[in-house]
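So you know, we letter chains A, B, ... as the sequences are listed, proteins then strands, and number each from 1.
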Amino acid sequence: MFRNLDKSQSFPEMEERILNLWEKDQSFRKSVTARPADKGFVFNDGPPFATGLPHYGHLLAGTIKDIVPRYWTMKGFRVERRFGWDCHGLPIENLIQDKLGLHTVRDINEYGVGKFNEACRAGVLTYTREWRKTVSRMGRWVDFDNEYKTMDLSFMESVWWVFQQCFDKGLIYQGYRIQPYSPALATSLSNFEVNQGYKDRQDPSVTLTFPLEPVASHAVAPGAATGTKTSPAVDGGAATQGSGPSTAGSQHSAETHGSGSATHSGSSADGDELLMVWTTTPWTLPGNMAIALHPDLDYVLIRHDGKKYWIAEARRAAYFKDGEFELIDTKKGKDLAGRRYKPLFQYMPYMTDKQYTILMADFVSADDGAGAVHIAPSFGEEDFQLGQKEGLGLFDPLDAEGKFTHLVPEWQGVGAKDADKGILHHLKAQGRVFKHETFVHSYPHCWRTDVPLLYRAQKNWFLNLEKEITNKPDDGSAPQTKTLKQWMIDCNQQINWVPDHIKGGRFGKWLEGARDWNLSRNRFWGTCIPVWIADDGDMLCVGGVAELEALSGKRVDDLHKHIVDELVIKTHDKKTFAADGKEYRRTPEVLDCWFESGSMPYAQPHYPFENKEWFTNNFPADFIAEGLDQTRGWFYTLTVLGAALFQKPAFKNVIVNGIILAEDGQKMSKRLRNYPDPNELINRTSADAIRLFMIDSAAVKAEELKFSETGVKNITRAVLLPLWNSLSLFVTYANADAGKGQLTWRPGDAVQSKNELDRWILSDLQGLLRKVETEMDAYRLYNVVPAVVEFIDDLTNWYIRRSRRRFWKSEDDQDKNFAYATLYQVLVDFSKVLAPFLPFLAEELYQILVREFFARESFAREPGASGFAGSPIGQVDVPVSVHDERKHVSVHLCDFPTFDPKAFDAELNAKMARVREAVNLGRSLRSLHNIKNRQPLREMVVVVRSQAQKSEMESMEDLLREELNVKAVKVSLDESSLVTYKGKANFKSLGARLGKAMKAVAEKVGRLSHEDIKSLLAGQTLQLEEGVLTAEDVLVVRDVRQGLVVEASPNLTVALDTSIDHALRLEMLARETVSKIQNLRKDGGLEVSDQVEVRVKTVSPAFREAVETHISYISAEVLASSLDFSDAISEDESNSLDVGGEIAVFSVAKKV
RNA sequence: AGGUCUGUAGCUCAGUUGGUUAGAGCAUCGCUCUGAUAAGGCGGGGGUCGGCAGUUCAAGUCUGCCCAGGCCUACCA
């Protein structure tokens, strides 16, 4: 006996039950430990932030992260899955800041870093319970009990080790980078924060003029003109290299103001040339150090209003109308290189000969402005790069709050942006402003305080991607030396990306353009940069707790900032062991928390402090799955550190999922409420359906998915319900037949059916299996659902449809045994195939068909219990604890079925496909000619294309007769009487051969006669001017001959004889009668096996004759013990039948 | 602004090394079947394959430019 299915049960309820079962049985743990420890499949889970609730994006990624490990578990691998939590970083710091009312970095420092950090620690896991609930409810098996957290001591210790590895390889350095800086918060911001604050603002748009020094003096004796300044330049340059602009500034403030008119003395004929320069940030002008031109752009010197201006030729028209100027000279940018100009201000120390000269830069364009760029290396990315290249040094006259310092006395104490006006006013007075406008552009603002950001050079810790690394191949091959970046690019080539285009596209391009990674953040709650620095600049990098304890002499059980900042390392002379007085203090920054995420493969197993051997065998990971937004995030940081430490990729396979949008195509938004709450939807529809819906979409190949509830419902209808109905049919009949006890088949018996239909569905299942294996091995999840849907269609709409009578009223017990054995086998195997995708429904199938059944069997074998055959119909209540030890407790502990070539029969599949095509053509014919299926027809003709197909089709004659309700099937090879042939050129075969003659031949082929094509089909050839035609070169088009009921496809031609005589009409009425009585049985709530007494009232002679003629057929079909005519039947809408005006009224009563 | 992905039926998407009647599912309309009933089947309508140019005997498919949308990146002065 199988458990009788509860018709009113919902899928979500079933899922809840399965969750309890898994919990009770410890199925997840068993599924892991049942597989050998030395056959691991490593899955790494990217840790989410628990500062918010899980949304559909997480559910999608979570589903992928569940399906793939479940699949490989069933393939025999041990797949450990530990959940992880990302604990550090700005999201939690911001939350806590809001909670505590701390607005700025200064506020936090005053509040106390220790208290602040402890508040972060206490608040970071707020939503973990909700996460666990939702993730589990979706059916995801992941270990929450052994979760890892990035704030764990062991995790942070491994991160230190990773940092130390990089440090020891010389990859870590300190340097400047231009960063967005919030003057209000006195801190630099991350890109993420910057992107939140873009908005339009008005800024000045100013064109300035810079007088050039005479070319002669410069060209003849460049040293002479500037000779007096050579020595301070060297000093200044050296100073700025190491310790920044402020010290340099204070040393030179007085003596360097002289460049103006004094050096401009030799005002020659050319001395009045003015270079036009455009800027939108006047506040950066006190930091101007040079002007950049593009070497290959043309610049023109023109005279206007008595003055001479240099401007990019392409920009000239934007400033000077035709006819209002006189062209004096044209030069390439490179011909102006090195010329000196008169600076606007004299605040800056003199640091290098290149200061206040024209430099060459490729980034200069003539798209707008004047084709000349003002360079302030402290205040712009490109300015900084150029400054580095040319050795300009830095000059940043702003304090921590973005206000000018004493270095710029006129505006001392004024905020940078606020100084724009004053600076412009000053320059106008000096006659240096050619044009002053205002324009609106998108500019980033501080997302917390709304003030415009400044871009300025900040000192940071970097990972050097250009540093060379030599690997240590473990396969004995020769070591190779490449830059870290090149290693990253090479490692990427070894990764299997799904979809493939990410490898060379988005990710590959990003790698090629990658720049040194800024690792430091001036924040509080994170893993600290483990570098201690002495007053003389000497650095110690600490790589673990034991090391820190040894160096500091203190016990350490937490590595957070407020703890380790207190630890001062005092060193000793290596010879005398006397304290040498050097004190090392930790550099204040914490690490970018992406560094922690990228360290996850090492930090989760606490490598190398623990699990050393395991790690050696299990790196890189086999599989990860994350969203497209991780290209610059986790995918990148994993790759950088994998390449830096081991010159290997950190993962072998990755599935990249796309963004989930709301049904309306908009982003999902809590405010707009344009999507259903995930938990509510799961409880309304089912996790299985949601899983399958998400997997059956482009979202598993990095494209976006419009989440639609209709889509989820469609999955329920296309997959869950048909499967459930199939199970229901099987259980219903198996239980009914079990009560009768005449069948020899028992669940678990091998299928030995000779029935072609049985062999076909088993073969078809093998085809599915092979497809699923192929796609899963390639991580193409999106190809699985279509194959599953197709199989379900084969199963329900052909196998079960065709087999229904075999279960229902087969007189052949042997064939019935075959049918049960086959359907049982198919359902059990199918449940295993579906298990990774539909973990709940697959489990329910398995529990009902296998585990519960065998539990009852063994229960029934106990004294006093009855066996399978003798059990009463109905559910036998067996405690779950009683089960057959030979059977796995869960489908997820089973092995994934392996493809069996012996059971796969491609020819049989093709044959069945042809028969189904014949049936479809026949159905189509009936439909087109308005002939109901219940009307039997005399004959159908099937024309096939080969002798082999003829005998094949003949062997399926019974099936065709039954399916199409025809009395006889004639299979033929000659269709001449049914269709006429026309030809169409086969471009594929002819095109390559004929080339340009193609068009002419195509036309000739179109004009070929019926006979021409017939002879081609018979194997002859046709001679044309352009060449010889064979059957292959012509696609045959079949035109149905007038007046015939014929349908043709390339493979088959089907004709129906539609003449209906009296006998056929009676048969039709008999079938209508059966159908009507069956419906009345159903409406009357009768059991499938109930006997009935039927009475009929009719005045129609045709009906009377039909019932009398086919009384035994009708009685047998409807299980009627009696069938009588009677006039004493009260008629209503429901019990009367009207076929073409012939009317009958029925009464159906259960036989007592 | 740059990079990248996407654009095919009302909707969601397939579409092989270029080959001539461009497919499927859903939706819709019509017909139909059924002791699997939260169903099932058959058929109809519905397309200038985002646009323009090019290569070719032949372009949804290849190339170039443009348009639209998404994502990532980005204050080019």
Side-chain angles (χ1 to χ4, degrees), chain A residues 7 10-11 178 180 191 194-195 198 201 203 205 277-281 284 291-292 363-365 367-376 380-383 441-444 452-455 499 501-502 505-507 509-510 513 628-629 631-632 658-659 661 665 667 696-698 702-706 708 710-711 713-714 716-718 720-722 724-730 732-733 786 789 796-797 800-801 804 808 920 923-928 930 932-934 984-992 994-1002 1035 1037 1075 1078-1079 1081-1082 1086-1089 1118:
Chain A
K7 293 255 160 75
S10 73
F11 287 122
I178 301 296
N191 271 328
V194 172
N195 280 330
Y198 273 89
R201 86 175 255 114
D203 271 318
S205 164
V277 176
W278 180 61
T279 183
T280 59
T281 52
T284 63
I291 292 169
F363 62 79
V364 177
S365 78
D367 295 340
D368 40 30
V373 178
H374 132 69
I375 299 296
E381 182 65 39
E382 286 169 330
D383 307 46
H441 64 155
S442 171
Y443 191 88
L453 300 182
L454 309 177
Y455 280 76
H501 62 73
I502 306 272
R506 189 175 283 226
F507 191 70
K509 292 269 162 64
W510 170 250
L628 189 59
D629 53 336
T631 312
R632 270 79 165 172
I659 310 292
L661 302 174
K667 273 191 176 175
D696 182 30
S697 76
E703 288 169 35
E704 61 199 33
L705 164 66
K706 286 182 196 134
S708 94
T710 319
K713 276 183 194 150
N714 283 340
T716 308
R717 275 216 320 231
L720 304 198
L721 285 172
W724 186 252
N725 289 337
S726 304
L727 176 73
S728 170
L729 171 128
F730 174 83
T732 305
Y733 289 121
V789 168
T796 59
N797 288 330
I800 289 183
R801 177 189 166 84
R804 208 162 38 208
W808 169 223
N920 278 341
R923 282 189 196 142
S924 174
L925 275 177
R926 275 185 175 271
S927 178
L928 283 173
N930 262 323
K932 291 175 142 192
N933 256 21
R934 290 202 198 93
K984 184 157 192 181
N986 182 351
F987 282 78
K988 201 162 187 174
S989 75
L990 288 168
L994 297 173
K996 296 202 179 197
M998 188 63 229
K999 260 183 185 156
V1001 173
L1035 302 173
V1037 178
S1075 163
Q1078 296 287 37
N1079 281 333
R1081 282 181 60 111
K1082 257 196 289 184
L1086 300 186
E1087 290 296 327
V1088 171
S1089 48
V1118 303

[X] side-chain proximity, nearest of [options]:
X         : options                : result
Ser728(A) : U34(B), U37(B), G3(B)  : U37(B)
Leu729(A) : A36(B), C42(B), C33(B) : A36(B)
Thr796(A) : G70(B), C76(B), A36(B) : A36(B)
Met998(A) : A36(B), C57(B), C72(B) : C57(B)
Asn725(A) : U32(B), U17(B), U37(B) : U37(B)
Arg506(A) : U17(B), C26(B), C72(B) : C72(B)
Asn933(A) : C33(B), U73(B), A38(B) : C33(B)
Leu721(A) : C72(B), A27(B), A38(B) : A38(B)
Arg717(A) : A36(B), U32(B), C26(B) : C26(B)

- Query: Are the ring of Trp510(A) and the base ring of C72(B) both nearer than 5.5 Å at their centres and tilted by less than 30°?
  - Reply: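 Aromatic stack with C72(B) absent for Trp510(A).
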- Test item: Leu729(A) and Ile800(A) side chains (from C-beta on) under 4.5 Å apart, heavy atoms: yes
- What is the nucleic acid contact for Leu453(A), judged by heavy atoms within less than 4.0 Å: base, sugar-phosphate only, or nothing?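 No contact.
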- Do Lys988(A) and U20(B) share a donor-acceptor pair, side chain to base, under 3.5 Å? no
- Task: Find which nucleotide of RNA chain B each of Lys932(A) and Thr716(A) is nearest to by heavy atoms, and output the residue with the more 5' nucleotide.
- Result: Lys932(A)
- Item | Mate of C71(B) where both pairing distances stay under 3.5 Å, Watson-Crick or G-U |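 Result: G3(B).
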